[in-house]
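The shown structure was predicted, so the numbers you read here are calculated from the model rather than taken from an experiment.
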Amino acid sequence: MAGTVRTHRALDVVDLSEGTEVTLAGWVARSRDMGGILFVDLRDASGVIQVVVDPSELPEAEQLRMEYCVAVTGTVRPRPGGTSNPDLATGDVEVGATGLEVLSPSDPLPFMVDDRHDVDELTRLEYRYLDFRRPDMAARLRARAAATNAMRQAMASLGFLEIETPTLIASTPEGARDMLVPSRLRQGSFYALPQSPQIFKQLLMVGGVERYFQFARCYRDEDFRSDRQLEFTQLDLEGAFWDEEDVRSAVEASIVAATAAVRPEASAPGFPTLTWREAIDRYGTDKPDVRFDMELTDLSEVFEGTEFRGFGGALAEGGVVKGMNAGALGLSRSGLDGLVERAKELGAAGLAWAVAEDGGSLRSPIAKFLSEAEVAGVVESLSAETDDVLLLIAGPWRSSSEILGQLRVDLGKPKGHDELAYLWVVDFPVFEETDDGGLAPAHHPFTAPHSVEEMRTDPVNALSRAYDLVLNGTELGSGSVRIHDPAVQAQVFETLGISDDEAERRFGWFLRALRYGTPPHAGFAVGFDRLMAILVGASSIRDVIPFPKTQRGVDPLTGSPSRVEEAQLEELGLDVRPEIKAAWEAD
RNA sequence: GGGGGCGUGGUGAAGUCUGGAGUUCACGCCGGCCUGUCAAGCCGGAGGUCGCGGGUUCAAAUCCCGUCGUCCCCGCCA
């Protein structure tokens, strides 16, 4: 790493023999002026080394301030007895300075460049370049690069070709809102930024690539969350002549590589599999956090023929009674009622709580409605021990399970990310029920169903060959076996309610491509930012995205998005609506 | 679109509930002292439109209304 400006990096000094002349360059992390001797902690990308200055020889050292960028010439020497610093990788050595050059001074800092002080995130983003100098963020940048590398190597060693796809593409109305880019050469027309490279990677399969991958930047113009940004990165992959099992093993290889690169101390992860139905049934979500148990139990049999109308009514309508043992939470009456409120917020008609007492009885607002056998059945089914809080809900299978599942996460989710629990969820339904009771496709229309026939005759129960990867309760990515037969694709469009005309107009070119000997193919996309956030223990993907945006879509550092010159708009054949301009004037 | 938290010298926090002088703590900044520190220490100093606007009040960082910013959640994310 030697260069013309410096001969060594800070960390290299450890391996040099006493008396070696070095020139180092970096930033002043700290300087401690003792009067007759002055210590400078010099930081570069490799680490920190202590430089010792005699101010009578180098008086300019007294002018050094935090984060000045400096070059130091000096001699390597062991630290005098008793002055080693075990907290520093270079703590046994130091550099006695013979020369000092300020390469660039620093203004007083807007915040401390260390991990000891919490700093408001907006300020960090405004000065992101200083944020990168903090050890946490520097480590996250390195971790991200290490993971990218590891995954790239894993894919390459499996014979995948890294191929780029365009970022200026045609808009499609499905899915998320598109980010649009106006065309100058064809005024009034717009490119869209890709929500994923989906169609292009399928075209690569038609093109005989057989194994494709890419770190793809994707864009979805929807509201922000701690795990969602307008632009984000996916490890996107697709292969031909393979199926779901092969896809999963390739994804696992890349995930194992990334995990090993970022979390070398973690044991190699396993990848258990649940069907979608099992996941909802046992965990009340299609992205279960399996780091903890607290599974849901079906109590419908216990309440068969119950006198309690709250439960009996639900069962009579084909619903279920489900329960969960939340353990000894030690909640007060108002705390327990708070859970009921929370359940109602989540859309439950009601929630019953019960606290197990000595002798197998239950303390609960509904206890008086339950028979002895029902109480015993609940206690037994939920393995309730004294003081355990039991939550019971009755209603349709899916929504009841999901409400309990949300409470399960509220009450049981472990803090921190030390444990890594990966999980496949397979056999998603083709359709999801909408609020008004209709059916809407759960995936993009190129996803292969297990059976087109079933899609037609029993759409509610039809399963698709789609699968998700879950980590610690976060959806890391999804994939599917694609449709490669144009006839099947046409049938699926029809079943999804896309007419022949519409399909031809919007996807005609794609359907044509499928008619030229398309191989069976399948693929996946890993949400790389989410993976990194969990691997490094960050609570938001903003901490692993170098230059993220705030919830309002603003970059506080550069000020994007920004207004543009009238002339730029004219070239594009655009104008800003008068009421928007009027609002600008009012500013 | 909806619900909630937060906004106080450059930074982070306390003060707000229960109105009474811009008060306090830590870091940073400026000046001074100091030859083995490493979150150095000691002494002194500067630095504020309590996000913004309006209202209530003798009096507002504090109460009320609005607004902006930020974060979390619901909706949204095929």
Side-chain angles (χ1 to χ4, degrees), chain A residues 29-43 48-56 62-63 65-67 77 79-88 90-91 94 96 106-127 130-131 172-178 195-196 198-199 218-230 232 341-342 344-347 406 409-410 428 430-432 434-435 439-447 464 466 475 478 480 492 496-498 527 539-540 542 548-554 556 586-587:
Chain A
R30 289 268 178 190
S31 71
R32 293 176 293 280
D33 186 350
M34 319 298 292
I37 188 170
L38 189 149
F39 300 95
V40 175
D41 291 339
L42 184 71
R43 185 194 68 244
V48 174
I49 178 92
Q50 175 164 282
V51 174
V52 186
V53 182
D54 179 348
S56 64
E62 290 173 352
Q63 307 308 315
R65 293 294 178 269
M66 283 193 292
E67 298 305 313
R77 65 195 190 203
R79 292 200 188 187
T83 64
S84 289
N85 182 353
D87 297 332
L88 221 53
T90 61
E94 63 189 21
S106 169
D107 281 353
L109 301 167
F111 54 80
M112 290 294 284
V113 179
D114 63 33
D115 286 336
R116 288 196 179 79
H117 300 78
D118 285 331
V119 184
D120 180 67
E121 189 174 359
L122 186 66
T123 312
R124 286 172 52 205
L125 292 181
E126 202 176 331
Y127 296 90
L130 294 179
D131 199 27
T172 53
E174 292 82 18
R177 203 174 286 115
D178 276 329
Q195 296 180 26
S196 83
Q198 184 61 38
I199 291 210
C218 304
Y219 305 84
R220 294 179 191 174
D221 190 4
E222 298 292 347
D223 286 356
F224 286 67
R225 283 284 192 287
S226 58
D227 61 355
R228 290 180 359 207
Q229 287 266 313
L230 292 187
F232 59 98
E341 283 310 303
R342 171 72 172 146
K344 285 179 177 168
E345 272 173 35
L346 295 167
Q406 186 58 55
V409 171
D410 288 352
F428 275 72
V430 174
F431 296 101
E432 296 222 306
T434 55
D435 292 337
L439 290 177
H443 299 275
H444 60 66
F446 315 111
T447 302
S464 65
E475 181 194 325
S478 58
S480 63
V492 167
L496 296 179
I498 301 174
S539 56
S540 159
R542 292 187 302 276
K549 289 171 179 55
T550 69
Q551 215 163 53
R552 297 269 298 151
V554 168
D587 273 354

Pairwise [atom1] distance for [N] and [M], with rounding to whole Å:
| N | M | atom1 | answer |
| --- | --- | --- | --- |
| B:G2 | B:C64 | C1' | 23 Å |
| B:C30 | B:C73 | C1' | 45 Å |
| B:G22 | B:A61 | C1' | 9 Å |
| B:G51 | B:A14 | P | 14 Å |
| B:G7 | B:C63 | P | 11 Å |
| B:C58 | B:A46 | P | 36 Å |
| B:C6 | B:G15 | C1' | 16 Å |
| B:G28 | B:U11 | C1' | 7 Å |

| request: For the pair A:Asp131 (side chain) and A:Leu125 (backbone), establish whether a donor and an acceptor sit closer than 3.5 Å, ignoring hydrogens and angles. | output: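 Checked: no pair found.
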| Can any side-chain N or O of A:Arg79 pair as donor or acceptor with the backbone N or O of A:Ser84 at less than 3.5 Å? |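 Flag not set: sc A:Arg79 to bb A:Ser84 has no pair under 3.5 Å.
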Nearest-angstrom distance from the residue atom [atom1] of [X] to [atom2] of [N]:
| X | N | atom1 | atom2 | value |
| --- | --- | --- | --- | --- |
| A:Arg124 | B:G69 | CZ | C1' | 17 Å |
| A:Met66 | B:U11 | CE | P | 14 Å |
| A:Gln406 | B:C73 | CD | C1' | 9 Å |
| A:Arg116 | B:A13 | CZ | P | 18 Å |
| A:Asp120 | B:G12 | CG | P | 5 Å |
| A:Arg342 | B:G3 | CZ | P | 16 Å |
| A:Arg225 | B:C77 | CZ | P | 11 Å |
| A:Arg32 | B:A39 | CZ | C1' | 9 Å |

Base, sugar-phosphate or nothing for [X]? Non-hydrogen atoms, less than 4.0 Å.
| X | value |
| --- | --- |
| A:Pro55 | nothing |
| A:Arg552 | sugar-phosphate |
| A:Asp41 | sugar-phosphate |
| A:Asp118 | sugar-phosphate |
| A:Glu94 | base |
| A:Arg77 | base |
| A:His117 | sugar-phosphate |
| A:Met34 | base |
| A:Pro80 | base |
| A:Ser226 | sugar-phosphate |
| A:Arg542 | sugar-phosphate |

| Is there a side-chain polar atom (N or O) of A:Gln551 under 4.0 Å from OP1 or OP2 of B:C72? |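 Yes.
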| said: Any side-chain N or O of A:Thr550 below 4.0 angstrom from OP1/OP2 of B:U70? | reply: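 Yes, A:Thr550 has a side-chain N/O under 4.0 Å of OP1/OP2 on B:U70.
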Partner of [N] by Watson-Crick or G-U wobble geometry, both contacts under 3.5 Å, or none?
| N | answer |
| --- | --- |
| B:G28 | none |
| B:G22 | none |
| B:C38 | none |
| B:C63 | B:G55 |
| B:C6 | B:G69 |

| field | Short N-O contact, A:Asp41 and A:Arg30, less than 4.0 angstrom | value |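 Result for this pair is no, no salt bridge flagged.
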| message | For A:Arg542, is there an ion pair with A:Glu121 - N to carboxylate O distance below 4.0 angstrom? | response |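 Salt bridge between A:Glu121 and A:Arg542, a charged N being under 4.0 Å from a carboxylate O: yes.
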| task | Decide, applying a 5.5 Å centre-distance limit and a 30° plane-angle limit (both strict), whether A:Phe39 stacks on B:U37. | result |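 Yes, aromatic ring over the base.
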Closest approach to the side chain of [X], judged atom by atom: which nucleotide of [options] is it?
| X | options | value |
| --- | --- | --- |
| A:Val52 | B:A78, B:G36, B:U70 | B:G36 |
| A:Asp33 | B:G36, B:A78, B:C34 | B:C34 |
| A:Ser540 | B:C72, B:U35, B:C38 | B:C72 |
| A:Asp223 | B:U70, B:U37, B:G1 | B:G1 |
| A:Glu222 | B:U37, B:U70, B:C77 | B:C77 |

Is a donor-acceptor contact shorter than 3.5 angstrom present between the side chain of [X] and the base of [N]?
| X | N | answer |
| --- | --- | --- |
| A:Arg65 | B:C30 | no |
| A:Arg228 | B:C77 | yes |
| A:Glu67 | B:G28 | no |

| query | Just wondering, more than 12 heavy atoms not from A:Asp120 lying within 6.0 Å of its CG? | reply |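 Yes, enclosed.
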| Rounded to the nearest 0.5 Å, how far apart are CZ of A:Arg342 and CD of A:Gln406? |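 Those atoms lie 5.0 Å apart.
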| said: Nearest 0.5 angstrom please: A:Phe39 CZ to A:Thr83 OG1, how far? | reply: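 Nearest 0.5 Å value for the CZ-OG1 distance: 7.5 Å.
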| query | Heavy atoms, side chains only, cut-off 4.5 Å: are A:Val113 and A:Met66 in contact? | reply |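 No - every pair of side-chain heavy atoms lies 4.5 Å or more apart.
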| task | Kindly give the heavy-atom pair with the smallest separation between A:Gly96 and A:Arg77, and that separation in Å. | result |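 In this case the closest contact between A:Gly96 and A:Arg77 is CA-NH1, 3.6 Å.
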| field | A:Pro108 or A:Ser84, whichever maps to the more 5' nucleotide of RNA chain B | value |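 Nearest nucleotide further toward 5': that of A:Pro108.
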